[in-house]
Amino acid sequence: MFPWSVPAAPSKDELREKLRDFDRYRHFLKIRPRAGGERIPFTINNAQTVLHSRIEKERQDFGMVRALIPKARRMGVSTYIGGRYFHRTATEFGRRAQVVAHRSDSARNLHKEIKEFYDGLPLPMRPSLGASNAYELIFDKLKSLYKVASAEGGDIGRSDDFHLLHLSEAAFFDNTEDLSSGLLKTVMSLPGTEIAMESTGNGQSGMFFNMCEEANRQQNKGEWRIHFLPWSLMPEYRTETPFAWKAPKEFEDYARMHGLDRAQLYWFWKENYTTAVMNGGQPETIHRLTRQEFPAVYSECFMADSTLDFFKASEVSAAMSRAAAPSAGALKLLCVDPAGDGQDKPFVGDRQGSAIGARVWGELASRDYNVQADWLVSTYKRFDMDAILIDATGTGKGLVDACRLRMRGAGPEKVVAVVFSHGAMNEVLYGNRRAELHDRFQRYLAGDVSLPNDKFLQEECSAYKWGQSGCRRDEKARLFMTAKEKIKKEIGRSPDRLDVCAVSMAIDG
């Protein structure tokens, strides 16, 4: 080459290829520093580096990404995925990305970050912007789209199609039925597509927990891969330790188990201190919420109850683990959820004070009211029961009449019809009898009670969530439960076992 020669300018294809390298491109993205001040170049932190390496390996191994990311708080995972998906929509033709946050305010913040990515790019790198509004960027010449939405909006993107989908704080979504049948179907199983669900833990129930547990059980060999990120990956999570500070015994054991140095342990102790004191715990003991917010191992991610659960998973599990001990002197109640018009069968259980299902728990084989009534009255007499409680909503009235006919000598008034759709005894607090009895059962679980160890009952309890389409309070603060039809669609059957438990609450005993 002669001294006066000028190197040839790179071609558009060469420039485009360089831009498609995320490791180069991210240096041009600007993020908000935690300490405040002017935005700075996106310097990938340790947790983001680990996640990037794992996602790239998943993409190479499977041709696409289906990532579940349980994590500790403030690790920058949303920022990383936001930058990754912005990069692809801003440099590739026809690439469509959708981000869904668990709340509207979070969705606005995520969109603001994406807009700042665009505004911070050098002018020659900015793709032509056809439209920009509160929730989307449209790159007209690339025919690409970056869209942000809130899970509070209900039916999201059902009729759309995307190549990249990011669910932020997925453990806090409450409309999982819409997500599974709608939003997730907008991304086809094609090479290059990506779905990333990331979240801190929120109890042992719900979509995110269920999917993580299945991926973990299959050791990442199924349809989804789990990428757990412990808090110890963050070098920022450490605090200079006072010379005289001595760690409590439980914290010393924790540090030894997870290989923490003294500065990391002191930081963790300080994080735990406020959480423990605020929630009635002891600062010398690691609170379960601290473990969930800052897990060191995967099993800690889902230690606390979900904020969305109407029936706390920990209380249901505890009741199922206790030995059945019927309360001496309490009324013995035989409780029935009759079969409706569907495929479900009548379900029967008993309750005596603090024990449900100690004597009777199971389905009745026959759907004939006369056969059912014969069995119920016989069982009532065999165990010297005090009353038969029957859910008389809808078709159950016929079973009530059949039982009363057989109880003429023993007292037909001992056959009690419980109608969920009737008005509540306390109309100030409850919208109907169903809500009142389910709430009594929820409060019953907080005591020293026992339930049958029945995975179907556990599943039915976990299906009831707080939310706009779930358990809620109206403008008068009256409680209403999730519609039964919605529960049936979610779990594929009627919640017969839980209804029996609720029916048993109709009489104090």
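These values consider heavy atoms only, across backbone and side chains, with no hydrogens, waters or symmetry-generated copies.
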Test salt bridge (charged side-chain N to carboxylate O under 4.0 Å, His left out) applied to D105 and R103, step by step: CA-CA 6 Å; D105 57 341; R103 293 201 314 255; 3.0 Å; yes
Verdict with reasoning, L498 to Y464, per side chain to side chain contact (heavy atoms under 4.5 Å, CB included): CA-CA 10 Å; L498 179 55; Y464 284 84; 3.2 Å; yes
Derivation and outcome, salt bridge (charged side-chain N to carboxylate O under 4.0 Å, His left out), residues E198 and R73: CA-CA 11 Å; E198 47 88 6; R73 288 174 58 87; over 6 Å; no
Working for side chain to side chain contact (heavy atoms under 4.5 Å, CB included), residues L110 and S168: CA-CA 9 Å; L110 288 172; S168 178; 4.0 Å; yes
Test log, rule side chain to side chain donor-acceptor pair (under 3.5 Å), inputs Q458 and S317: CA-CA 8 Å; Q458 193 167 36; S317 297; 3.1 Å; yes
R478 vs R473, side chain to side chain contact (heavy atoms under 4.5 Å, CB included): CA-CA, chis, key distance, verdict: CA-CA 5 Å; R478 296 176 303 177; R473 295 192 182 275; 6.0 Å; no
Working for side chain to side chain contact (heavy atoms under 4.5 Å, CB included), residues V348 and V500: CA-CA 7 Å; V348 185; V500 163; over 6 Å; no
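Side-chain contact of R367 with Q372: a donor-acceptor pair under 3.5 Å is absent, judged by distance alone. Between the side chains of R322 and N453, no donor N or O sits under 3.5 Å from an acceptor N or O. A donor-acceptor contact under 3.5 angstrom links the side chains of T193 and R66, judged on distance only. At a cut-off of 3.5 Å, with distance as the only test, no side-chain donor of S421 or T393 sits close to an acceptor on the other residue. Between Y430 and D439, the side chains place a donor N or O and an acceptor N or O closer than 3.5 Å (distance only, hydrogens not considered). Remark: the T290 side chain and the E271 side chain contain no N/O donor-acceptor pair separated by less than 3.5 Å. Counting only N and O atoms by type, the side chains of S199 and E169 include a donor and acceptor under 3.5 Å apart.
Ring geometry, F268 versus W231: the interplanar angle falls under 30°, so the pair is classed parallel (tilted spans 30 to 60°). Using cut-offs of 30° and 60° on the angle between ring planes, the pair Y237 and F294 is perpendicular. By the 30° and 60° cut-offs, the orientation of the rings of W269 relative to Y266 is parallel.
The distance from atom CG of L333 to atom CG of D508, rounded to the nearest 0.5 Å, is 10.0 Å. For the atom pair CD of Q264 and CZ of R238, the computed distance is 5.0 Å after rounding to the nearest 0.5 Å. E490 contributes atom CD, which lies 7.5 Å from atom OG of S462 (distance to the nearest 0.5 angstrom). Between atom OG of residue S189 and atom CD of residue E223 there is a gap of 6.5 Å, rounded to the nearest 0.5 Å. Within the model, atoms NZ of K455 and CD of E460 stand 12.5 Å from one another, a figure rounded to the nearest 0.5 Å. Atom SG in C301 sits 10.5 Å away from atom CZ in F209 (nearest 0.5 Å).
Within the 4.5 Å cutoff, no side-chain heavy atoms of V503 are placed close to those of L437. A heavy-atom distance below 4.5 Å is not found between the side chains of K488 and R493. In this structure, L399 and L376 have side chains that are in contact, with non-hydrogen atoms separated by less than 4.5 Å. With contacts defined as side-chain heavy-atom distances shorter than 4.5 Å, the pair E284/E250 does not qualify. Between H287 and Q282, every side-chain heavy-atom pair lies at or beyond the 4.5 Å cut-off. Side chains of M425 and R433 form a contact here, defined as non-hydrogen atoms less than 4.5 Å apart. In this structure, the side chains of L260 and S232 come closer than 4.5 Å at one or more pairs of heavy atoms. Considering only heavy atoms from C-beta on, E436 comes within 4.5 Å of N426 through its side chain.
Within 6.0 Å of atom OH in Y298, more than 12 heavy atoms from other residues, nucleotides or ligands are found, so the atom counts as buried in its surroundings. Atom CZ of R408 is surrounded by 12 or fewer heavy atoms from other residues, nucleotides or ligands within 6.0 Å.
Here the two rings, on F441 and F311, have centers that are under 6.0 Å apart.
A salt bridge links K484 and D499; the closest N-O separation between the charged side-chain nitrogens and carboxylate oxygens is under 4.0 Å.
Although no hydrogens or angles enter the test, the distance criterion places no donor-acceptor pair under 3.5 Å between the side chain of R291 and the main chain of S299. In this structure, N202 contributes its side chain and A171 its backbone to a donor-acceptor pair below 3.5 Å. Looking only at distances, no side-chain donor or acceptor of D337 sits under 3.5 Å from a matching main-chain atom of D391. The backbone N or O of F383 sits less than 3.5 Å from a side-chain atom of K332, completing a donor-acceptor pair. Formation of a donor-acceptor pair under 3.5 Å by the E363 side chain with backbone atoms of F347 is not found in this model. Under the 3.5 Å distance criterion, the side-chain polar atoms of S53 are left unmatched by any main-chain donor or acceptor of V50. No donor-acceptor pair closer than 3.5 Å links the side chain of K312 to the backbone N or O of D309. Between the side chain of E213 and the backbone N or O of N210 there is no donor-acceptor pair closer than 3.5 Å. Checking side-chain atoms of R54 against main-chain N and O of L51 turns up no donor-acceptor pair under 3.5 Å. Formation of a donor-acceptor pair under 3.5 Å by the R288 side chain with backbone atoms of I286 is not found in this model.
Considering all non-hydrogen atoms of both residues, A373 and R406 come closest at CB-CD, 3.7 Å. Nearest heavy atoms, G431 versus F480: CA-CZ, 3.4 Å. What you find for H438 and F310 is that their closest heavy atoms are O-CE2, 3.9 Å. The two residues A435 and N432 come nearest to each other via the heavy atoms N-OD1, 2.9 Å. Taking all atoms of both residues into account, the shortest heavy-atom contact from A355 to Y444 is N-OH, 3.4 Å. Scanning all heavy atoms of the two residues, the minimum distance from A319 to L445 falls at CB-CD2, 4.3 Å.
For the side chain to side chain contact (heavy atoms under 4.5 Å, CB included) criterion with M197, the lone passing option out of I69, L184, L165 is L184.
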